[in-house]
Amino acid sequence: MRVTLTSPVVSLYGIGPTASEKLAKLGIYNIYDLITYIPRRYNDWSNIADITGVGADLEVSIRCMVLTMPSFNAKSKLKPITFFVGDKGIRLKVTFFNQPYLAEKFMRGDEVFCHGKVTVFNGGLQLVNPYMEKAESVDEEALVKPVYSLTQGITSKQISKWVKTALDLCGKEMLQVIPEEVIRRRGFVSPEECYRMIHFPADTDEARRAREQIAYEELVLLGIGMRMSNRRNKDEIAPVVIPQGSLPSDKASAWKKIVANLGFDLTGDQKNAIRSIQQDLMKDEPMNRLVQGDVGSGKTAVAILAMAMTAIMGYQSVLLAPTSVLATQHFNTALNILKGSGIECELLLGKTTQSEKTRIKNAIEKGSAKVIIGTHALLTDDIVFADLALVIADEQHRFGVKQRSKLLVRKTPSGFGPNTAHNLVMTATPIPRTLAMVLYGDMDTTVIKEKPKGRIPIKTYFTGSKDSRDIKELIMSMIKGGDQVYIVCAKIDDETEEEGTFFLRYDESDDSITSVMQMKEKLDNWGITKDNKTGILYGPMPEKEKLSVMDKFSEGEIKILISTTVIEVGVDNPNANAMIIMDADRFGLSTLHQLRGRVGRGGRQSYCLLVSENKSENALIRMKMMCESNDGFELARKDLELRGPGDFFGTRQHGIPALRAANLYTDLELAKEAVTEVGEVLNSGSAEAEKIEKNIKELFDLRFAESARTL
Ligand code: ADP
Ligand code: MG
């Protein structure tokens, strides 16, 4: 069978089922993924050092002569071969272990190229297991060695080899998404050549140029592709929910009563958000608004009030939540806010019984149910809305654009009337304005910055040991004071890791990570769980069990909740005032901030304890940032900055698609240029425009279909 870009990697010569499984861990499924899996960095072996400058602890490339005949010690267990190389009066002892065949390869008098780390042994310089080739057979062009992000059992050398085969077979098929004129102006090359340059650069400058082009290509794919998949028809019309002028008095007083039900005063930013939504709902142009608000800024109240407004005017609205726990919580909030208003509210989850579902669907079709809250379960074709005017997605990145458009394009029993609903998305991932432009195209953005009054800033601490007494002491003192505690772990048990939690995952075995189950054991051993009910919560648990654990936690029966990042999104329990995050270095700053945002929601002092034994600089910087800043916007900026290109792990769960060459923080200017330049060509309607548009669509699906689904 012919191998094409979309063929699975197993179809490539040299990749078997085991390797293919490992590649899948790196997000490499097909040939296209493999070719576009670009090196994280390079080892540049091409700078040949002067042998007289060689010293201990230096990693060097040198050219020199073999000075003595290789001697092989067959008796020793490690079967060492030793000989001397050198030049200009400098001698280095070379030792190879377990490679007896090399004794035949090198002879006294050969000129050789070596690369390795120089060490000192018995007062002399030595090289152990260096890379060594006869100088005449060294390919000067291949001395810049790519280093890839890896997973256990795969080496950079293997990836290099597979990429080469893949490029030889399918390089010609790589599609061009950059118009001719831009290629000429920017000095770009064909996609095939560009990917050859990045995987097998002659020098680091070539690698840099290739990376620039790939960054440009990615930004075009993302910026323009996203816009294409978000594009709505110009002639779509949405219902005018709120009439111009003043409201009839009964509606105005219904609104007043609902706002009074809140039990608190809205912050200025919440009021602003509601005002903008209200203005959008006065037009027949479909609203397309993004509300960004830091964790705990009170987005739910804004959403429910927008729904209430819509219901008062006689229309239906839907609130989509990413999990049943969250949907249930929103439903309860809605019941509270809407009590006494007579507005009918329904909750639809995957686990809702069939008869209950039928009843709800009827109420939706009849139009009596006005405020409808639920999960994916709402995104089925068999729900017909009587008067759907507003669709809100909370933590929008968990829903696909395509899925949601099912709701946005209205189905009415009569088939008449406006054909689309107003669209509002809420996210707690603050992203810079320009980035929002690239990711969301033409969405209007509202920012909720202000926190509700009376919040006491969370105190964040860090400990470098998992056995630290601080952990136990924090738990005990919180419980004594009547507070509840969250503990978050990066994996469930020894086998299962929760998807998307890993920030770094190359060359690391995961044994060091404390799992939910291990943490539970730890608390058992500390004697904490005997008198304090402790619950566990993780993604793959049955829905019913999850909801029951959350109920018990909300009601205060469960004092300590050990969980994975499933609680990252939206969970609201004002009595939980401590958050302990195990292996905190495993999470990106945005995730840590989201997790921390689960506490500090009541009027009491709350605490966050970060536990990490990782002593790397990058990890410690993140811990420090967390201890010093409570500002989600600042942390998100820093997060993008620290990740750098290629370090994309963990971004996906925040709806920021995985980029390999481009860095959405530092390359924003380039992003704007790319989108504008290519956009101009597309608008020209030329023959090339048509081809480029088709290519962008195709590659966008290949590259970002997954992320787009999560956006
Ligand atoms: P998020 O923006 O993270 O979704 P929530 O909507 O869950 O935040 O709100 C966090 C908490 O703050 C909730 O308990 C909510 O009742 C409360 N809250 C929201 N707005 C205000 C306000 N203006 N004043 C006081 N408390 C508020
Ligand atoms: Mg929320």
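Computed over heavy atoms, backbone and side chain alike; hydrogens, waters and symmetry mates excluded. Numbering of ligands and ligand atoms starts at 1, following listing order.
Within a 6.0 Å radius of NZ in Lys533, other residues, nucleotides and ligands contribute 12 heavy atoms or fewer.
Considering backbone and side-chain N/O atoms, Gly298 comes within less than 3.5 Å of an N/O atom of ligand 1.
Residue contact check: Asp265 has heavy atoms under 4.0 Å from atoms 22 (C), 23 (N), 24 (N) of ligand 1. Heavy-atom proximity to Ser297, at under 4.0 Å, picks out these atoms of ligand 1: 2 (O), 8 (O). Numbered from 1 in the order shown, with element, the atoms of ligand 1 that lie under 4.0 Å from a heavy atom of Val295 read 3 (O). Within ligand 1, the atoms closer than 4.0 Å to a non-hydrogen atom of Thr267 are 23 (N), numbered from 1 in the order shown.
Here atom 3 (O) of ligand 1 lies nearest to Gly296 when heavy atoms of Gly263, Gly296, Gly603, Gly602 are compared. Distances from atom 4 (O) of ligand 1 to the heavy atoms of Asp572, Asn336, Thr300 put Thr300 nearest.
For the pair Glu346 and Arg359, the salt-bridge criterion is met [side-chain N within less than 4.0 Å of a carboxylate O]. Asp294 has no carboxylate O lying under 4.0 Å from a charged side-chain N of Lys449, or vice versa, which leaves the two without a salt bridge.
For Arg601, every heavy-atom contact with ligand 1 shorter than 4.0 Å involves the side chain, none the backbone. With a 4.0 Å heavy-atom cut-off, ligand 1 is reached by no atom of Thr333. Residue contacts with ligand 1, taken as heavy atom pairs separated by less than 4.0 Å, involve Gln270 solely via side-chain atoms from C-beta onward.
For the ligand labelled ligand 1, residue Gly293 lies outside the 4.0 Å heavy-atom shell. For Arg455, the heavy-atom gap to ligand 1 drops under 4.0 angstrom.
Using modelled atom types, one finds no donor on one side chain facing an acceptor on the other under 3.5 Å when comparing Asp387 with Gln316.
Note that CG of Leu348 and OG1 of Thr352 are 4.5 Å apart. Values are rounded to the nearest 0.5 Å.
Counting all heavy atoms, side chain and backbone alike, Ala321 lies closest to His330 at CB-CD2, 4.1 Å. For Ala584 against Ser612, the heavy-atom pair with the smallest separation is N-CB, 4.1 Å. Smallest separation of non-hydrogen atoms from Thr420 and Pro286: CG2-CG, 3.4 Å.
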